[in-house]
2 protein chains.
Amino acid sequence: MTGTTLKEISKALGISISTVSRALKNHPDISSRTKTKVAELANLLDYEPNANAIGLRTNTNKVFGLLIPSISNSFYDSFVAAVEEESRKVGYSIMILQSGDNAEIEVENLKLCRQNRVSGVFVCIASQTQHYEPFNKIKEQKIPLIFFDKVPDSYEGNKVCLADKTSAVLSANTIIQSGKKSVLAFFGNEKLSITAKRVEAFKDCFKNKKIKLETQFCNSMNEVYPQTLSALNKNQKPDAIFCMSDEILCGVMKAVLQLKLTVGKDVSVIAISDGFFPKIYAPEITYVETSGYKLGKAAFTRMMECINDNSEIKEIIIDSVLIQGASI
Amino acid sequence: MTGTTLKEISKALGISISTVSRALKNHPDISSRTKTKVAELANLLDYEPNANAIGLRTNTNKVFGLLIPSISNSFYDSFVAAVEEESRKVGYSIMILQSGDNAEIEVENLKLCRQNRVSGVFVCIASQTQHYEPFNKIKEQKIPLIFFDKVPDSYEGNKVCLADKTSAVLSANTIIQSGKKSVLAFFGNEKLSITAKRVEAFKDCFKNKKIKLETQFCNSMNEVYPQTLSALNKNQKPDAIFCMSDEILCGVMKAVLQLKLTVGKDVSVIAISDGFFPKIYAPEITYVETSGYKLGKAAFTRMMECINDNSEIKEIIIDSVLIQGASI
DNA sequence: AAAAAAATCTCAAACGTTTGCGAAAATGTT
DNA sequence: AACATTTTCGCAAACGTTTGAGATTTTTTT
């Protein structure tokens, strides 16, 4: 009914189940003659190993858990794409679990990973995650755990993240070198430590400079848009705007378009982005690249290291680079 | 070492494994006294059922397979988000498999779904998928199969897709009613049947009208951009541009921005989109909504119907609706 | 107080694989 | 031809759970 099993093949060939099993995995104990016999019949009968049985027997799954706040986000989905791509190459699949940035759902999802005996889990923690026992449980089961992007400060573990400060500093210095005098800087969710770090580093760059700097925290395009609009309508409007994320960039640009300003001439804009959005505008926006794709590749590499030799804990930081557009 | 098992609980409590198993699932045969005893200890010991063992015993997994060309696409990732969200509510997880629009990887992925005994699979076929035996195999195993978005014409099955024609017709009629005289229409991958249908329906609307219509096929923003640029630089430039997708819209708008034209005044624009991109421009773009999110919800609903009562095959079509912006 | 019914629990097989160890068959060595 | 090796294979247990059917205990009925 459902699928061919080793037992069926063994019966049909008059050999034992173990021989069939070994034949299929090219075990040296088995003669090449029976190997081909087995292979042929298995092929004919469309034999496919039962992943559950294997998982039960070996107590692992060829599956990675991937915990993420939301997949509808160009940064995360390029991360996911990268991890999936690499995983497939080595025979792993990925199980995606969204938390909706909700800490409770996050622990549910961690539980799911344990129940499924996944081979490893990648996690980008929710903003309000406070308790780390669920993560400890994962570790107790010897399941490799890789934090990425939003990583916990106060918890030890493998971490792969972007150079938070570098990207902010790079942006700030670009603005300073261009000789701008009044800067409006938009940052994301104030509660996130990544935001805090960036703000601090960014502000530091402007110390002792004769440049006016105003910083604001925003969570969505719909907040940024009106704020930019009113800022640009003031008498002393900013001559440079910094955008910490794509969403913010979109909000800023919407205001810029609304006022029919030309970026790079009437006002300068610089963003932190993974690169898609800056290129949909003309002139293109100058940005500091933070690639979800690269981050994904790095996280995957780290995961494989953990699986192969359960080595010590590492924190990896992906550097960012400035991509010149014509907006500043 | 790894995790608590039923056996351990049963031994500790001096009762049989089956009693423990039944107690945990609230079976009527078990007294409430032992139920609470079991529940307490299970809780204390952090018992978590082994998904592999359950899967092996019951021959199913609480997992849906999700086959998709690429997840880095706002339409698909909102689809994925919707399916994941709903699945979680009923205790299912999703396994994401990208084909990269490659038919061979697609069959590999289908195989993975079978090996994992998933409870159901959602699939958006690759553009060149020709052979349907792998899908038959899925069906033979009584695994519910839901095609979505890019569905095969020549293959019977459950299908959930957007009203291809309606969205094109809606766009066309909006253009006609606005009194435009020269239309430039960009469509996506020429080989896809969905494209063919839309083109045909779109063209039909313009029959017997005194409107100039030029259609072009494009696959990326980088193609659309220069083409739009040159079209808008001609003497008789189009007064309305139709964009079949978000990517095309971005390409068109880049040219519009480049030329410092104002949408809705200098040139009209209308798109088919799931709604994010049209709203990042000012004025906002008028579009026909085709929501990946809604499609996901519908596909999920259909999946649950299939799981509950293995009813007959259905084809569901999600209607589209015009969202007014100021671009036409 | 005995018989019948109901409630509660246990046994044991099964799901499909993997794997250590021992058995049989083939080959090589004196 | 007898023995030692090597090659090839089979046995059986184990992974953790579910489930039908039977066993035991408790409660109800007569």
Side-chain angles (χ1 to χ4, degrees), chain A residues 1-39 41-42 45-63 91 111 114-119 141-142, chain B residues 1-39 41-42 45-63 91 111 114-119 141-142:
Chain A
M1 27 232 110
T2 152
T4 313
T5 67
L6 293 183
K7 196 196 290 185
E8 287 171 34
I9 297 183
S10 80
K11 210 175 287 176
L13 254 37
I15 58 182
S16 79
I17 294 178
S18 26
T19 303
V20 177
S21 172
R22 290 187 169 105
L24 287 173
K25 24 181 40 99
N26 206 22
H27 191 285
D29 265 14
I30 308 299
S31 71
S32 55
R33 198 155 48 93
T34 57
K35 270 180 192 167
T36 56
K37 267 201 313 181
V38 169
L41 188 58
L45 295 183
D46 255 336
Y47 170 73
E48 296 191 357
N50 183 317
N52 284 319
I54 296 175
L56 175 59
R57 178 59 225 244
T58 62
N59 201 37
T60 84
N61 246 336
K62 283 276 199 180
V63 172
K111 189 185 279 190
R114 281 179 289 147
Q115 294 184 357
N116 279 84
R117 271 44 172 188
V118 298
S119 300
Q141 294 196 11
K142 305 269 182 225
Chain B
M1 25 237 104
T2 151
T4 314
T5 68
L6 291 184
K7 195 196 289 185
E8 286 171 36
I9 298 184
S10 81
K11 209 175 287 177
L13 254 36
I15 59 184
S16 78
I17 295 179
S18 23
T19 303
V20 177
S21 171
R22 289 188 168 105
L24 286 172
K25 24 179 41 96
N26 207 22
H27 192 285
D29 264 15
I30 308 298
S31 71
S32 54
R33 199 155 49 93
T34 56
K35 270 180 192 168
T36 55
K37 268 200 313 182
V38 169
L41 188 59
L45 296 183
D46 257 334
Y47 170 72
E48 296 191 356
N50 182 316
N52 283 321
I54 296 176
L56 174 59
R57 178 58 227 240
T58 63
N59 201 36
T60 93
N61 244 336
K62 284 276 197 179
V63 171
K111 188 185 278 190
R114 280 178 292 148
Q115 293 185 357
N116 279 85
R117 277 29 177 196
V118 298
S119 299
Q141 293 197 11
K142 305 273 181 222

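Chain naming here is simple, since letters A, B, ... match the order of the sequence lines and numbering starts at 1 in each.
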Inset, instruction - Using a heavy-atom cut-off of under 4.0 Å over every strand shown, decide if B:Ile54 touches base, sugar-phosphate, or nothing. - result: sugar-phosphate

I'd like a table of donor-acceptor pairs (distance under 3.5 Å, sequence neighbours excluded) in which one partner is a side-chain atom from residues 17-24 of chain B, with atom names and distances.
unit_1	atom_1	unit_2	atom_2	d
B:Ser18	OG	B:Ser16	OG	3.2
B:Thr19	OG1	B:Ser16	OG	3.0

Inset, instruction - May I ask you to say what A:Ser21 touches in the nucleic acid, namely base, sugar-phosphate or nothing, with a heavy-atom cut-off under 4.0 Å? - result: base

Inset, instruction - Could you tell me the separation between the CG atom of B:Leu56 and the C1' atom of C:dA13, rounded to a whole number of Å? - result: 13 Å

Inset, instruction - Starting from C1' on D:dG16, measure out to CG on B:Asn50 and report it in whole angstrom. - result: 6 Å

Inset, instruction - Mind checking the CD1-CD1 spacing from A:Ile15 to A:Ile9? Nearest 0.5 Å is all I need. - result: 8.5 Å

Inset, instruction - Rounded off to whole Å, could you give me the CG-to-C1' distance for the A:Asn61 and C:dT17 pair? - result: 13 Å

Inset, instruction - Using atom NZ of A:Lys7 as one end and atom C1' of C:dA13 as the other, report the distance to the nearest whole Å. - result: 11 Å

Inset, instruction - Would you sort out whether A:Tyr47 and A:Leu41 count as a side-chain contact (heavy atoms from CB on, under 4.5 Å), showing the intermediate values? - result: CA-CA 8 Å; A:Tyr47 170 73; A:Leu41 188 58; over 6 Å; no

Legend entry - Side-chain heavy-atom pair B:Leu13, B:Val38 within 4.5 angstrom cut-off: yes

Legend entry - Rounded distance (Å) that lies between atom P of D:dT19 and atom CG of B:Leu24: 14 Å

Inset, instruction - Grab the CG-C1' distance between A:Asn59 and C:dT17 for me, whole Å please. - result: 13 Å

Inset, instruction - Using atom CG of A:Asn52 as one end and atom P of C:dT17 as the other, report the distance to the nearest whole Å. - result: 11 Å

Inset, instruction - Please report the closest heavy-atom contact between A:Ile30 and A:Thr34, naming both atoms and the distance. - result: CG2-OG1, 3.0 Å

Inset, instruction - Mark up nucleotides 5-14 of chain D, 5' to 3', with B wherever a protein heavy atom is under 4.0 angstrom from a base atom, S wherever such an atom reaches only the sugar-phosphate, and - elsewhere. - result: ---BBBBBBB

Legend entry - For atom CG of A:Leu6 and atom P of C:dT19, their distance in whole Å: 12 Å

Inset, instruction - With side-chain contact (heavy atoms from CB on, under 4.5 Å) as the test, would you mind laying out the steps for B:Asn50 and B:Thr5 before giving the verdict? - result: CA-CA 8 Å; B:Asn50 182 316; B:Thr5 68; over 6 Å; no

